[in-house]
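Here the structure comes first, spelled out in structure tokens, and everything after it is commentary.
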Amino acid sequence: MCGIVGYIGREQVSPILLDGLTRLEYRGYDSAGLAVFHPEKGLQVVKARGRLQALWDATQQGQAVPGTMGVGHTRWATHGAPNDINSHPQVSQSGKIAVVHNGIIENYVKLKEFLEAKGVVFASETDTEVVAQLLEYYYHGDLLDAVSKVLHRIEGAYALGIVCADEPEQFVAVRKDSPLIVGHGVGFNMIASDVTALISYTREVSYLNDGEVAVLTRDSIQVYDSLMRPVTKEVVHIDWEISAAEKGGYEHFMFKEIMEQPKAIQATISPRIQNGQIVLDELNITQEQLQQLDRIYVIACGSSYHVGMAAKYILERLLRIPVEVALASEFRYSEPIVTERTLAVVISQSGETIDTLAAMREAKRLGARILSIVNVVGSTIARESDDVLYTWAGPEIAVATTKAYSTQLAVVYLLALDFAKKLGKLNEQEYETLVAELEQLPEKAQMILDHTEEIQYFASIYFNHNSIFFIGRNIDYAVGLEGSLKLKEISYIHSEAYAAGELKHGTISLIEDGTLVVALAGWNTLFEKLMSNVKEVKARGADVIGVATQTHAQKLSTQVDSALVIPDVHPMFLPSLEVIPMQLFAYYVALMRGCDIDKPRNLAKSVTVE
Ligand code: AGP
């Protein structure tokens, strides 16, 4: 959601900014812009609505906007329509200060009134323009001083890149509740919303903390805390391969990432299983703290929340501790019952989702211990947690998550088995069997991915449906939620996921001739019950795609219109296998409908506004 890139150095900056913004495209946006300083031309601002290609074209691939210092932005509209006036950079009245911003300035109306009363004329509908105008109001020849004054007046979430035509030897970056990273180069320095925009130029980065301000020149980066005291930042080396954030011959990132799942699951579990034993060195939680836990909250949004739904079945079954799964955006407002004996398991691919971060901080404030499952190393959620278990999925670029979901599940299995062992809830034999099954998951996932033709064929039959239902019981229901979300996100087909037994309490009224129902029947002991639900919808005219394990392959094919069979697996690990046909089905349906799969409409990869 919105992307920022900034550069100061010796190279022509515009192509670097455009390249960085292109690498941030996946975050989601609807317009883009640049502000570049040139000694003769001053501060040049170019903006373009729509895809980034429009900005590449408007600047003649960056060549038409010379200069060696500047900032760029991709905007996901919040305040004001996505047009050239509302796009960033936003400039001050005189045109000498330009600002790019991620987040929301919550008190912008009050500040706007204040400035208008002083005669400032606003050009846009954005909250961001207030920052540019306020900076000019406080600017008396010292940009850092003006920034410090503005920070005392603005409220909300922000990552800011600020350039001033009167101080072209430096630019300023600020961060509060919105991600921003500083990249250390030789003869240049950079900022970006995330590392994907930086790794072609530098792998040495520092993560800004909330309230910190960075002043970047060609040869130095000085960071200050919120009281403007200099701070020394740790420099972290990023070892992600650039190719991991490129399509590598695939038509879409989503398909590439679906195919990468066996490797990603392997990378997440292998280093943590030694001689058949799970070793989670990263955890700081003591045996005593573990024994005292009387409640677990899983807090997350979207697909990460769906992992949480599956985690509830797994953790409760193994640990016999009550688990509540909370939508992060609701958690804070639900007066949650949290004590020192509560563990909050916070799940997030990006580690920057603002709803999740806010809920996590609330859980912490109320006394919970925070254990996060995060993919992006060094992200805010990871840094603020008591314990972090990283998923080793590598960069996930497609908006619709696939490999991050799968690796989150893998971490949940590791965690559940490790805790169950430590709490004496599993005997040695049960533990060994489950660990061995876990180790087989990448291979079984690969077996499904080796035969995508069938799913592609089903997609070709059903891609024209306008309404699709997913049903399942127990952990299958959690997978149904994810299957439905994947389909909605990228194919724009209306879809609902229901606990199969719940359908007849209302939703079954929507089933009519030709309605497609995807029935997830992997949980072997509930197979017959699920088949009864299949009969109910078929009796009302539904077409049914059924998913079950090899054990029930034969029976399944007699009950449904289209059968998808997955390898036999312990029910605890079902989501990892069942979700793959769901992802592929959504992918092929979206492909056949001509949708923009990697950049679905209205969506952002990392949701950094509440
Ligand atoms: C998944 O396909 C979605 N794009 C979305 O629901 C996502 O899972 C959610 O926004 C949470 O993101 P996070 O894992 O980065 O916190």
Side-chain angles (χ1 to χ4, degrees), residues 3-24 32-48 52 55-56 58-74 87-92 94-102 128 131-132 135-136 139 141-147 150 159-175 180-193 197-198 200-202 204-206 208 213-224:
I4 289 179
V5 186
Y7 172 97
I8 183 163
R10 290 173 176 83
E11 306 288 323
Q12 285 301 317
V13 69
S14 299
I16 295 173
L17 298 179
L18 287 163
D19 174 61
L21 292 178
T22 302
R23 292 178 190 277
L24 295 178
L34 305 176
V36 172
F37 177 81
H38 184 269
E40 281 148 33
K41 295 171 182 274
L43 206 50
Q44 314 150 87
V45 175
V46 188
K47 306 180 191 183
L52 203 50
L55 193 62
W56 281 96
T59 58
Q60 293 168 24
Q61 318 307 309
Q63 298 311 319
V65 191
T68 57
M69 185 273 275
V71 288
H73 190 262
T74 44
S87 310
H88 299 198
Q90 286 292 315
V91 289
S92 61
S94 71
K96 78 174 167 199
I97 294 177
V99 172
V100 289
H101 167 218
N102 292 354
T128 305
V131 180
L135 278 165
E136 181 157 297
Y139 185 72
D142 182 347
L143 182 61
L144 190 58
D145 179 61
V147 168
V150 166
L160 299 166
I162 303 163
V163 295
C164 174
D166 290 352
E167 299 187 28
E169 299 303 320
Q170 63 175 34
F171 74 93
V172 177
V174 182
R175 177 222 148 112
L180 200 62
I181 295 165
V182 177
H184 303 258
V186 177
F188 72 91
N189 286 304
M190 296 181 76
I191 57 167
S193 301
L198 297 179
S200 323
Y201 305 95
T202 177
E204 311 308 317
V205 306
S206 298
L208 292 183
V213 178
V215 179
L216 291 89
T217 70
R218 282 176 176 178
D219 302 308
S220 68
I221 298 177
Q222 179 59 61
V223 179
Y224 300 90

**OP:** To the nearest 0.5 Å, tell me how far L34 CG sits from I16 CD1.
**Re:** 12.0 Å
Original post:
What residues form a ring-ring contact (aromatic ring centres under 6.0 Å, His included) with Y224, not counting sequence neighbours?
Top reply: none
Subject >> Atom pair CD/CG of Q61 and L55 - distance to nearest 0.5 Å >> reply: 10.0 Å
Original post:
Any idea which heavy atoms bring V5 and L17 closest together, and the distance?
Top reply: O-CD2, 3.7 Å
Subject >> Main-chain N/O of G67 paired to Q12 side chain as donor or acceptor, under 3.5 Å >> reply: yes
Subject >> Closest approach of C164 to L143 (non-hydrogen atoms, all atoms of both residues) >> reply: CB-CD2, 3.8 Å
Subject >> Flag, side chain of S14 to backbone of V65, donor-acceptor distance under 3.5 Å >> reply: yes
Original post:
Does S206 have any side-chain hydrogen bond (donor to acceptor under 3.5 Å, both in side chains) partners at least two apart in sequence or in another chain, and if so, which?
Top reply: H184
Original post:
Would you say Q44's side chain and V36's backbone share a donor-acceptor pair under 3.5 angstrom?
Top reply: yes
Subject >> Residue list, side-chain hydrogen bond (donor to acceptor under 3.5 Å, both in side chains) with S92, at least two apart or on another chain >> reply: E136
Original post:
Roughly how far apart are D145 CG and L135 CG, rounded to 0.5 Å?
Top reply: 11.0 Å
**OP:** Identify, with sequence neighbours excluded, every residue that meets ring-ring contact (aromatic ring centres under 6.0 Å, His included) alongside H73.
**Re:** H88
Original post:
Hey, what do you get for CG (L52) to CG (D19), rounding to the nearest 0.5 Å?
Top reply: 10.0 Å
**OP:** Please confirm whether the backbone N or O of G3 pairs with a side-chain atom of T74, one donor and one acceptor, at under 3.5 Å?
**Re:** yes
Original post:
Looking only at atom types and distance, does a side-chain atom of S193 sit under 3.5 Å from a main-chain N or O of I4, one as donor and one as acceptor?
Top reply: yes
**OP:** Could you tell me the separation between the NE2 atom of H38 and the CG atom of L43, rounded to the nearest 0.5 Å?
**Re:** 12.5 Å
Original post:
At their closest point, which heavy atom of V163 faces which heavy atom of M69, and how far apart are they?
Top reply: CG1-SD, 3.5 Å
Original post:
Out of V100, V131, V71, which one pairs with L160 under the side-chain contact (heavy atoms from CB on, under 4.5 Å) rule?
Top reply: V131
Original post:
What heavy-atom pair brings A98 and P89 nearest, and what distance separates the two atoms?
Top reply: CB-CB, 4.1 Å
Subject >> Nearest-0.5 Å distance that lies between atom CG in L216 and atom CD1 in I8 >> reply: 7.5 Å
Subject >> T22: partners by side-chain hydrogen bond (donor to acceptor under 3.5 Å, both in side chains), with sequence neighbours left out >> reply: W56
Subject >> CA sep, side-chain torsions, deciding dist, call: N189, V182, side-chain contact (heavy atoms from CB on, under 4.5 Å) >> reply: CA-CA 8 Å; N189 286 304; V182 177; 5.8 Å; no
Subject >> Residue pairs passing the salt bridge (charged side-chain N to carboxylate O under 4.0 Å, His left out) test where at least one lies in residues 161-175, sequence neighbours excluded >> reply: K96-D166, R175-D210
**OP:** Applying side-chain contact (heavy atoms from CB on, under 4.5 Å), run through E11 and F188 and close with a yes or a no.
**Re:** CA-CA 8 Å; E11 306 288 323; F188 72 91; over 6 Å; no
Original post:
P168 and F37: which non-hydrogen atoms are nearest, and at how many Å?
Top reply: CB-CE2, 3.2 Å
Original post:
Of all heavy-atom pairs between V13 and G70, which one has the smallest distance, and what is that distance?
Top reply: CG2-N, 3.8 Å
